[in-house]
J.: 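Below is a structure I'd like to ask you about.
Chain letters run A, B, ... following the sequence lines, proteins first and then strands; every chain starts at 1.
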Amino acid sequence: MPTSPLPCPNGEGWDAAQPSPTKLLVTRTVNSVEDLKCLVADYEQFDAFAFDVETTGNRKVRMLRLPGPLPKGTTRTARTSVLCPSCGREFADARRKFCSEICSKAAAKDKPPLDARTNTVWSLSLAGPGRSDVIPMGHPDKRKQLHRAEVFEILRPLFFSGRRKINQNLSFDLLSIAKYYDGAIPPPPYGDTLILAFLLNENLDSYKLGHLSKKYLAYPTRLDSQVMTAYGDEKLGEFAYRVSFQEAMRYSIIDAKMAWLLWWKLSHRLESLPKLADLFDLEMGVMRVLMEMRQHGAYVDVAAFGPLREELEHQVATKEAECLHIVGRELNLNSTKQLAEYLYDELKLPVTKLTATGLRSTDAETLKRLARRHPFPAKLLEQRDIQKMLSTYIGGYIPRIDDDSRIRASFNQAVAKTGRLSCSEPNLQNIPARYRQNTEGTMVRRLFQAPPGYKLIVADYSQIELRILAHQTRDKTLLYAYTEGIDLHLMTASRIWKIPPELVTPEQRSIAKNSNFNFAFEGGPQRVVQMSGISDADAEAVYEAWHKSYPGVKAWGKKVKRFCWQHGYVETLYGRKRRLPEITSDDWKLRGYAERQAVNHPIQGTAADVAKIAMIRVNEVLRQLDAHLVLQVHDEFVIECAESQVEQALPLIRVAMEQIHKDGKPVLDVPLEANISVGSNWSEAKA
DNA sequence: ATGGGTAGCGCG
DNA sequence: AAAGCGCGCTACCCAT
């Protein structure tokens, strides 16, 4: 879908070269149904408009009813229930501690964002060519305002039309108003100025609307500093809600105006950048998928969280006691400072590694080395393992489980400079997956389940980055391996040690696998030593043999670095740019870093582009079934599917992921391959 | 008290 | 000489 032509601003005295938001976009406050209907008729003449909502209430700090056993010594009949001061929910006395503990922890989180699922819209602003309007509908002011239900009903033809909807961070606003349409999300085309700005330059310090306006619109600072600070604040809606009606209206309209002007200014640039225009359309398509994912959420087994938390608390306490028994005095095991003092000053263990700031390291790699000399480091490693599980994954997730037993994380499109998605609040892209020595590595993944009557389908790309490497480098051995469907890691091992594939040991294959992964992105031999524990000399030999096997890789790396040095940027197959100004630095450290980023971006970035295309296609397929995307972990999709439709879904998902074309040809010169499996929880489906 | 920086560690 | 990249979160520590 191409970017639609822009409406020409038709305000009187409009000067394209010098947009002046405050003068030309006169704001009107709408307070009658007649005015509102006129407004809709007017805006229906435009093929694009900006809008913005101000909302209040219902921060996403929520407590959940924890099933499971009460602490011993209490009974359910002991009716001394209390209200948690943070969440207002009723709890049995014995659980009060738990409740307030979690709530205060969550409430202490800096500026918890408003939740589009539960907030209340009290004002909606619109901006179009030469005009802007604000519709109050619930500001706490005596004067009469329109009713929400009525307003949204009258606005329906505007939002549910082919007109482009423009805003900064559009998905929040679309989801905020979707609940007034029974959850229906207004359809594309979309124009998110944040994502547009990020696509045009991924290196800005800030993508706040105020800062972008200043940069691109020469926003007149005479619009008083009070307003500047107000909209520099993320929670303008909360702020404006508390000020007088007049002021509130003045604040409310700012973002819609700014977004309109910013879009009008920046989207022009796409006209001369066809590849970026296509990428922008891709991002808007992804945005729609992400909004649906957020509405749906990821189902978890709430009932299991409480007992698991207790179990881990017990384990971590035991490990801590064991550690402190060895130490023989007070010591905070979570303090790297105290640990370094104990390990290196008191025990006089050898220092083998320093941190970035020159302090003596106590990380897992170092502790593993020290474990041969003293019993403490090994015990500490076990404690850390459990502590991480407990604090980050169990404790961190509990306050974020919604009432319907689902976690709704945000997937962000304008964070990772390579074009990957990032995930936060909570981050569901870093849940432990690997096998572990001391703890059940997959216990958290097992909590992500299919609801009754459903199955989880896990679909991930097989070695997508190495396939892209083969495509980009044109290395004939890599191309051969993938077109012929040969086990690349096995082949690598066979070539490194010059032995027939059937004689390759599992250990050799593992080293070869690490090599493929490392050397592709300018990794050195030292890293292989760290990962597999072979000698420096052996690693050096592996390094040489690897590059001799795949000469196209180093040659391509040189080419990319030269291109970056000449142009100041590199790009993916789809033209997603990454600017790397430090590529010309005299400082070898900075330059070296930029060079590795330059080589990495076309690989990781292209994989991200392909994954985004696949996401949209997979979502399109699922739309026709009782199935939903619930998670994306870079090259992996987790899908919830009605049990009866799984068999039907599997081949559709495979085609959506593997048959990706560009310019009428398969996107890569080697096949894309997806592994797809089914289970009742995330861990089971992955296996 | 609260904010920024650092260390450490989880994932692809 | 020395080197994968990309993220987010928790805890601690020291500053204001």
J.: Who passes ring pair (Phe, Tyr, Trp, His ring centres under 6.0 Å) against A:Tyr207, sequence neighbours left out?
T.: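 For A:Tyr207, the residues satisfying ring pair (Phe, Tyr, Trp, His ring centres under 6.0 Å) (neighbours in sequence not counted) are A:Phe198.
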J.: 5'-most contact on DNA chain C: A:Tyr593 or A:Gln338, nearest heavy atom basis?
T.: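 Closer to the 5' end of DNA chain C: A:Tyr593.
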J.: Do A:Asp402 and A:Arg117 sit within salt-bridge range, that is, some charged N less than 4.0 Å from a carboxylate O?
T.: yes
J.: Using a cut-off of 4.0 Å on non-hydrogen atoms, how would the nucleic acid contact of A:Arg578 be classed: base, sugar-phosphate, or nothing?
T.: sugar-phosphate
J.: Among residues 524-559 of chain A, which ones have heavy-atom contacts with DNA chain C below 4.0 Å?
T.: A:Gly524, A:Arg527
J.: Would A:Asp487 and A:Arg509 pass as an ion pair if we require N to O under 4.0 Å?
T.: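 Looking at A:Asp487 and A:Arg509, the cut-off is met.
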J.: Under 3.5 Å for both distances, Watson-Crick or G-U wobble, that's the pair rule; now give the dot-bracket for DNA chain C, with | marking pairs to another strand and [ ] for crossing ones.
T.: ....||||||||||||
J.: Looking only at side-chain atoms of A:Trp588, point me to the closest of B:dG12, B:dG8, C:dA2.
T.: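 Between B:dG12, B:dG8, C:dA2, the one nearest the side chain of A:Trp588 would be C:dA2.
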J.: Among B:dG8, B:dG12, B:dG10, which nucleotide sits nearest the side chain of A:Val633?
T.: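 Shortest atom-to-atom distance from the side chain points to B:dG12.
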J.: Quick one: does A:Arg434 reach the base of B:dG10 with a side-chain donor-acceptor pair under 3.5 Å?
T.: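 Looking at the base of B:dG10, it does not pair with any donor or acceptor on the side chain of A:Arg434 (distance under 3.5 Å).
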J.: Return the value, rounded to whole Å, for the distance between atom CZ of A:Phe517 and atom P of B:dG12.
T.: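 In whole Å, B:dG12 P and A:Phe517 CZ are 9 Å from each other.
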J.: Once you round it to whole Å, what is the distance between C1' of C:dC5 and CG of A:Leu466?
T.: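 From A:Leu466 CG to C:dC5 C1': 13 Å.
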J.: For residues 579-588 of chain A, which residue pairs qualify under side chain to side chain donor-acceptor pair (under 3.5 Å), counting only residues two or more places apart or in two chains?
T.: A:Glu202-A:Arg579
J.: Test of understanding: with ring pair (Phe, Tyr, Trp, His ring centres under 6.0 Å), list the residues that count as partners of A:Phe448, not counting sequence neighbours.
T.: A:Trp682
J.: Can you see if the side chain of A:Gln597 gets near the phosphate of C:dG6 - specifically, an N or O under 4.0 Å from OP1 or OP2?
T.: yes
J.: For A:His634 and A:Gln604, test the side chains for any donor-to-acceptor distance below 3.5 angstrom and give the result as yes or no.
T.: no
J.: Would you kindly check whether a donor in the side chain of A:Lys337 faces an acceptor in the base of C:dC12, or vice versa, at under 3.5 angstrom?
T.: no
J.: Taking only N and O in the side chain of A:Thr392, is any of them less than 4.0 Å away from OP1 or OP2 of B:dC9?
T.: no
J.: Test: salt bridge (charged side-chain N to carboxylate O under 4.0 Å, His left out). Region: residues 550-564 of chain A. Which pairs qualify, not counting sequence neighbours?
T.: A:Glu522-A:Lys561
J.: Considering only heavy atoms, which members of residues 598-614 of chain A lie under 4.0 Å from some atom of DNA chain C?
T.: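 Those residues are A:Asn600, A:Gln604.
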J.: Roughly how many Å is it from CG in A:Leu380 to C1' in B:dC9, rounded to a whole number?
T.: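 Distance check: A:Leu380 CG to B:dC9 C1' gives 13 Å.
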J.: Ignoring the backbone of A:Thr336, work out which of B:dG8, C:dG8, B:dG10 is nearest its side chain.
T.: B:dG8
J.: Considering only C:dC5, B:dG8, B:dC9, which nucleotide approaches the side chain of A:Ala364 most closely?
T.: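 Of C:dC5, B:dG8, B:dC9, B:dC9 is nearest to the side chain of A:Ala364.
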J.: Can you find a side chain N or O atom of A:Ser335 that sits less than 4.0 Å from OP1 or OP2 on C:dC13?
T.: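 Indeed, a polar side-chain atom of A:Ser335 lies that close.
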J.: Between C:dA3, C:dA11, B:dC9, which one does the side chain of A:Asp363 approach most closely?
T.: B:dC9
J.: How long is the line joining CG of A:Asn412 and C1' of C:dG6, in whole Å?
T.: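 About 14 Å, once rounded to whole Å.
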J.: Just how far, in rounded Å, is C1' of C:dA11 from CD of A:Glu320?
T.: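 Rounded to the whole Å, the gap is 13 Å.
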J.: In whole Å, what is the span from the CG atom of A:Leu428 to the P atom of B:dC11?
T.: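 Going from A:Leu428 (CG) to B:dC11 (P), I get 14 Å.
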J.: Would you kindly give the CD-to-P distance between A:Gln383 and C:dT10, to the nearest whole Å?
T.: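 To the nearest whole Å, that distance equals 17 Å.
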J.: Of the options C:dC5, C:dC12, B:dG8, whose atoms approach the side-chain atoms of A:Asn332 most closely?
T.: C:dC12
J.: Excluding sequence neighbours, so at least two apart, what forms side-chain contact (heavy atoms from CB on, under 4.5 Å) with A:Asp635?
T.: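 With neighbours one apart ignored, the set is A:Tyr461, A:Ile464.
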J.: Measure from the side chain of A:Asn334, starting at C-beta and using heavy atoms only, and say which of C:dG8, C:dC12, C:dC5 lies closest.
T.: C:dC12
J.: Quick check on C:dC9: is either OP1 or OP2 less than 4.0 Å from any side-chain nitrogen or oxygen of A:Ser391?
T.: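 Checking C:dC9 against A:Ser391, no side-chain N or O comes under 4.0 Å of OP1 or OP2.
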J.: According to side-chain contact (heavy atoms from CB on, under 4.5 Å), who are the partners of A:Arg495, at least two apart in sequence or on a separate chain?
T.: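 Applying side-chain contact (heavy atoms from CB on, under 4.5 Å) to A:Arg495 gives A:Thr477, A:Met491, A:Ser549, A:Tyr550.
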J.: Test of understanding: with side-chain contact (heavy atoms from CB on, under 4.5 Å), list the residues that count as partners of A:Asn334, not counting sequence neighbours.
T.: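 Only A:Asn332, A:Gln383, A:Gln387 meet the side-chain contact (heavy atoms from CB on, under 4.5 Å) criterion with A:Asn334.
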J.: With heavy atoms under 4.0 Å as the rule, sort A:Asp635 into base, sugar-phosphate or nothing.
T.: sugar-phosphate
J.: So, A:Glu311 versus A:Gln315: side-chain donor-acceptor pair below 3.5 Å or not?
T.: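 On atom types as modelled, these side chains qualify, holding a pair under 3.5 Å.
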J.: Could you tell me whether A:Lys379 and A:Glu382 have a side-chain N and a carboxylate O separated by less than 4.0 Å?
T.: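 Salt bridge: yes.
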J.: Just how far, in rounded Å, is P of C:dC12 from CD of A:Glu330?
T.: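 Atom-to-atom, A:Glu330 to C:dC12, this comes out as 13 Å.
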J.: Looking only at N and O atoms, is any donor in the side chain of A:Asn430 or the base of B:dG10 less than 3.5 Å from an acceptor on the other one?
T.: yes
J.: Apply side-chain contact (heavy atoms from CB on, under 4.5 Å) to A:Gln472 and list each qualifying residue two or more places apart in sequence or on a separate chain.
T.: A:Ile468, A:Trp556, A:Leu573, A:Pro602, A:Ile603, A:Thr606
J.: For A:Lys589, which contact category applies under a 4.0 Å heavy-atom criterion: base, sugar-phosphate, or nothing?
T.: nothing
J.: List in chain and number order the residues that pass ring pair (Phe, Tyr, Trp, His ring centres under 6.0 Å) with A:Phe563, two or more places apart in sequence or in another chain; answer none if no residue qualifies.
T.: A:His567, A:Tyr569
J.: Does A:Arg596 have a side-chain nitrogen or oxygen under 4.0 Å from the phosphate oxygens OP1 or OP2 of C:dC5?
T.: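 For A:Arg596, the contact criterion (side-chain N or O under 4.0 Å from OP1 or OP2 of C:dC5) is met.
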